[in-house]
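To keep things clear, I will list the structure first and then write my remarks on it.
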Amino acid sequence: RFPDRYALSDTGVQAAEWLKLQVETIAKNAGRSDLSVRFVKTGSSYKQPSVVATIAGTEPGAEGVVIGGHMDTLSNNKPGADDDGSGSVTVLETARVILNSGMKFKRPLHFVWYAAEEQGLVGSQYVVSDFVAQKIPVRGVLQLDMTGYQYQNDERMWIMDDYVDESLSKFVNDLIVKYVGAPIGHSKCGYACSDHASWNRKGFKAAMPFEAQMNLDNPNIHTRDDTREGMSLSHMVKFSKLAIAFATELAEPVATK
Ligand code: BES
Ligand code: ZN
């Protein structure tokens with residue numbers, strides 16, 4: 001219901017606060033005390049911080065798993081339902097399912113909502129710098145930017161093949177086959193189109209599943225018409241399933257009673 005989630009606006013900040021409260025409330029209601037949520041500042045010229053929600057791992061110092069999307073939109077009545085409300089709630093749904101499952105993992109899971117992506121991947125650059133500065137090790141990064149638009153009922157899930165790690169993308173491909181059962185297509189942005197590129201540039205392994213083939217994706221992004229009416233919930237659910245598989249396969253579940 002925010003008119004926009006622009007990184008330089010109060011509603012952009014409120015969106016970050018809202019996401020933090022949602023994931024904290026989910027953890028609290030699930031009786032979990034192993035979630036910690038923090039803001040990562042987006043330099044000094046952007047009001048909106050990124051949100052990092054971490055489920056602690058049971059093995060000290062283990063490399064973690066990052067699952068993220070950007071929360072921001074452009075300014076002035078830009079609902080950003082698909083770009084990237086869809087990825088943002090795919091991340092939140094993934095966290096909700098995992099927190100309620102009772103599963104515990106050897107490795108930490110970091111759920112990230114990036115600020116100021118639309119300003120030139122700005123928030124994610126600060127998040128990556130923060131992980132590097134704090135020496136927080138990362139095993140793999142899943143970027144969810146646009147999961148809601150289904151082109152002509154095409155069931156395919158797409159994998160973007162540039163600014164990514166080839167072996168991690170192959171792993172994502174195999175997870176879709178094994179756990180989602182959706183047909184798959186491969187495509188390319190052709191430029192550093194989202195936050196996976198910020199990780200990729202600093203040498204981290206990242207992958208980016210995507211809603212549609214490049215150029216057959218949602219034509220309404222960055223306009224006032226990027227609304228929920230254009231979203232396919234059944235398409236989005238497939239991306240949550242994939243992200244849950246990514247987390248559980250990479251973070252190494254530990255036996256719980
Ligand atoms: N979600 C888009 C990226 C995108 C759009 C990927 C269409 C595939 C198809 C992202 O939010 C975005 O708008 N990125 C910018 C570049 C960024 C560096 C500001 C873009 O694509 O212009
Ligand atoms: Zn965008």
Side-chain angles (χ1 to χ4, degrees), residues 2-9 11-12 15-16 19 42-43 45-46 48 50-51 67-92 112-129 141-152 154 156-164 169 172 184-202 204 206-228 230-232 235-236 238-239 242-243:
F2 296 119
D4 62 63
R5 302 182 297 277
Y6 181 45
L8 290 152
S9 72
T11 51
L19 281 162
T42 310
S45 18
Y46 295 90
Q48 183 183 56
S50 296
V51 177
I67 296 176
H70 70 91
M71 75 178 101
D72 69 306
T73 66
L74 295 173
S75 63
N76 196 1
N77 196 15
K78 298 292 175 350
D82 194 18
D83 184 12
D84 186 23
S86 63
S88 295
V89 300
T90 302
V91 175
L92 186 60
V112 184
W113 293 274
Y114 302 102
E117 188 269 355
E118 303 286 9
Q119 305 305 312
L121 318 181
V122 181
S124 54
Q125 292 176 52
Y126 282 97
V127 169
V128 173
S129 296
V141 175
L142 193 72
Q143 174 68 6
L144 295 161
D145 186 359
M146 298 167 64
T147 63
Y149 172 84
Q150 195 171 7
Y151 176 75
Q152 295 185 352
D154 188 335
R156 275 177 289 182
M157 296 171 79
W158 294 80
I159 297 173
M160 291 308 201
D161 284 333
D162 52 358
Y163 299 88
V164 296
S169 298
V172 164
I184 300 167
H186 285 259
S187 193
K188 278 182 180 163
C189 269
Y191 60 97
C193 67
S194 190
D195 303 302
H196 58 299
S198 298
W199 290 100
N200 176 265
R201 278 187 186 131
K202 294 290 176 188
F204 293 92
M208 185 187 177
F210 189 68
E211 64 187 15
Q213 185 168 6
M214 190 65 189
N215 299 324
L216 293 177
D217 59 290
N218 193 336
N220 292 325
I221 66 165
H222 304 162
T223 76
R224 67 184 58 228
D225 297 324
D226 182 9
T227 61
R228 278 175 46 171
M231 298 299 96
S232 163
H235 203 43
M236 289 174 63
K238 295 185 289 189
F239 290 87
L242 168 61

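Remember, it's 1-based here, ligands and their atoms both numbered in the order they're listed. Being a predicted model, the structure only gives us computed values, none of them experimental. All residue numbers in this chain count up from 1 along the given sequence.
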(message) Using a 3.5 Å cut-off on N or O atoms only, is Q119 in polar contact with ligand 1?
(response) no

(request) Spell out, as yes or no, whether a donor-acceptor pair under 3.5 Å connects the side chain of R5 to the backbone of P79. (result) yes

(request) Could you list the atoms of ligand 1 found under 4.0 angstrom from a heavy atom of A192? (result) 18 (C)

(message) For F239 and H235, take the angle between the two ring planes, folded into 0 to 90°, and tell me which bin it lands in: parallel under 30, tilted 30 to 60, perpendicular over 60.
(response) perpendicular

(request) Verify whether one side chain among D4 and S75 offers a donor that lies under 3.5 Å from an acceptor in the other. (result) no

(request) Heavy atoms only: give me the nearest T42-A115 pair and the separation to one decimal. (result) OG1-CB, 3.4 Å

(message) Need the ligand 1 atom indices (1-based, order shown) with element for anything under 4.0 Å from a heavy-atom of Y191.
(response) 20 (C), 21 (O)

(message) Would I221 count as a contact residue for ligand 1, given that I'm defining contact as a non-hydrogen atom of the residue lying under 4.0 Å from a ligand atom?
(response) yes

(request) Just jot down the ligand 1 atoms closer than 4.0 angstrom to any heavy atom of L121, in number order. (result) 18 (C)

(message) Any side-chain to backbone donor/acceptor pair from S187 onto M214? Under 3.5 Å, distance only.
(response) yes

(message) Considering non-hydrogen atoms of the protein only, which is the closest contact for atom 8 (C) of ligand 1, and what is the distance?
(response) F210 CZ, 3.2 Å

(request) Might you point out which heavy atoms bring T147 and S86 nearest each other, and give the distance in Å? (result) N-OG, 3.0 Å

(request) Identify, for atom 7 (C) of ligand 1, the protein heavy atom at the shortest distance, and state residue, atom and that distance. (result) D217 OD2, 3.3 Å

(request) Provide the number and element of each atom of ligand 1 under 4.0 Å from a heavy atom of C189. (result) 6 (C), 8 (C)

(message) Donor-acceptor pair, distance only, cut-off 3.5 Å: does the side chain of Q48 make one with the backbone of A116?
(response) yes

(request) Show which atoms of ligand 1 fall inside a sub-4.0 Å distance from at least one heavy-atom site of H70. (result) 11 (O)

(request) Would you tell me which option among E211, H222, E117 has the nearest heavy-atom contact to atom 17 (C) of ligand 1? (result) E117

(message) Quick check: closest heavy atoms across D82 and M231, and the distance to 0.1 Å?
(response) CB-CE, 3.3 Å

(message) On a heavy-atom basis, which atom in S169 and which in D161 lie closest, and how many Å separate them?
(response) CB-OD1, 4.5 Å

(request) Check the Zn ion (ligand 2) and write out every protein N, O or S atom at under 2.8 Å, as residue and atom. (result) D83 OD2, E118 OE1, E118 OE2, H222 NE2

(request) Compare every heavy atom of W113 with every heavy atom of M71, then report the nearest pair and how far apart it is. (result) CE-O, 3.2 Å

(message) Using a 3.5 Å cut-off on N or O atoms only, is D83 in polar contact with ligand 1?
(response) yes

(request) Verify whether one side chain among H196 and Q143 offers a donor that lies under 3.5 Å from an acceptor in the other. (result) no

(message) Looking only at the side chains, is there a donor atom on one of D84 and S88 sitting less than 3.5 Å from an acceptor on the other?
(response) no

(request) Answer side chain, backbone, both or neither: which part of E118 comes under 4.0 Å from ligand 1, heavy atoms only. (result) both

(message) Distance alone, cut at 3.5 Å: any donor-acceptor contact between the side chains of D195 and H70?
(response) no

(request) Would you mind checking which non-hydrogen protein atom is closest to atom 4 (C) of ligand 1, with the distance to 0.1 Å? (result) M146 SD, 4.0 Å

(request) Write out the residue and atom name of the closest protein heavy atom to atom 2 (C) of ligand 1, then the distance separating them to 0.1 Å. (result) D145 OD2, 3.5 Å

(message) Is C193 close enough to touch ligand 1? Criterion: a residue heavy atom under 4.0 Å from a ligand atom.
(response) yes

